[in-house]
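This report refers to the structure that appears directly beneath it.
Because the structure is predicted, anything quoted here is derived from the model rather than measured. We use all heavy atoms of the structure for the numbers below, so side chains are in, but hydrogens, waters and symmetry mates are not.
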Amino acid sequence: QVQLVESGGGLVQAGDSLRLSCAASGGIDSTDAMGWFRQTAGKEREFVAAIGWTDRDTYYADSVKGRFTISRDNAKNTVYLQMHSLKPEDTAVYYCAGTGYWSKIARTRASEYRAWGQGTQVTVSS
C-alpha cells in the first residue's frame, strides 16, 4: 500500500523557516518524481515544487522561487521542502505527492501524481 507521510508543519512568524519532510513507502520509490502542493480553504490545490528522480530536475512555482528548495534523499526514500522567508500567504495545508512511476523530470500538474499524503498544516503569522 502506497503511503506518504508528511511532517514538519507548524506555526511560525513571517520571515521564519521550516522544513517539511515526506517519507514514502509501499510503491513510491526513488525513481518516482515527487512534488509538493498546497491548499487553502475554498481554493484549488496549487503546485509548489517538484523534483525528478534525480535532483537534477527541479521546478518551482513563481511564488516560492528563491525561497523554497525541494530535495530528496533516495536512500531514505524521503523528500524535503526547505522553506525560508515565509510569508503569511504561504499559510496552507501542504501535501506531498508521488507519481507512482519512473520520472526523470519534475512534474507540475496534480493529475500526474497517483499518490498523496494526508497533508501538514503550515501557518505563518504576520
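Separating the CD atom in Gln118 from the CD atom in Gln3 is a distance of 8.5 Å, to the nearest 0.5 Å. Expressed to the nearest 0.5 Å, how far OG1 of Thr120 lies from OH of Tyr94 amounts to 10.5 Å. Taking CZ of Arg107 as the reference point, atom CD of Glu112 lies at 5.0 Å (rounded to 0.5 Å). In this structure, CD on Gln39 lies 9.5 Å from CD on Glu46, to the nearest 0.5 angstrom. Separating the CG atom in Asp57 from the CD1 atom in Ile51 is a distance of 8.5 Å, to the nearest 0.5 Å. Note: Leu81 CG to Ile70 CD1 = 6.5 Å, rounded to the nearest 0.5 Å.
Shown here for Ala14 and Ser126, the closest heavy-atom pair between the two residues is CB-CA, 4.4 Å. The nearest pair of heavy atoms linking Leu4 to Ala24 is CD2-CB, 3.4 Å. Shown here for Ala92 and Thr40, the closest heavy-atom pair between the two residues is CB-CG2, 3.6 Å. In terms of heavy-atom proximity, Ser85 sits nearest to Arg67 at O-NH1, 2.9 Å.
Between Val48 and Phe68, some side-chain heavy-atom pair lies under the 4.5 Å cut-off. In this structure, Thr91 and Val122 have side chains that are not in contact, with every pair of non-hydrogen atoms separated by 4.5 Å or more. Annotation: side chain of Tyr80 is not in contact with side chain of Leu20 (no heavy-atom distance under 4.5 Å). By the 4.5 Å heavy-atom criterion applied to side chains, Gln82 and Ser71 are not counted as neighbours. Counting heavy atoms from C-beta on, the side chains of Cys22 and Met34 come closer than 4.5 Å.
Between the side chain of Thr78 and the main chain of Lys76, a donor-acceptor pair closer than 3.5 Å is present. When atom types are taken as modelled, the side chain of Asp16 and the backbone of Gln13 share a donor-acceptor pair closer than 3.5 angstrom. A donor-acceptor distance shorter than 3.5 angstrom exists from the side chain of Arg72 to the backbone of Gly52, with no hydrogens or angles considered.
Around the NZ atom of Lys43, the shell of radius 6.0 Å holds no more than 12 heavy atoms that belong to other residues, nucleotides or ligands.
Within the hydrophobic cluster formed by Ile, Leu, Val, Met, Phe, Trp and Tyr side chains joined at under 4.5 Å, directly or through other members, Trp53 is accompanied by Trp102. Grouped by direct or indirect side-chain proximity (heavy atoms under 4.5 Å, Ile/Leu/Val/Met/Phe/Trp/Tyr only), Tyr113 sits with Phe37, Phe47, Tyr59, Val93, Tyr95, Trp116.
A salt bridge is defined here as a Lys NZ or Arg NE, NH1 or NH2 lying under 4.0 Å from an Asp or Glu carboxylate O, and Asp90 with Arg38 meets this definition.
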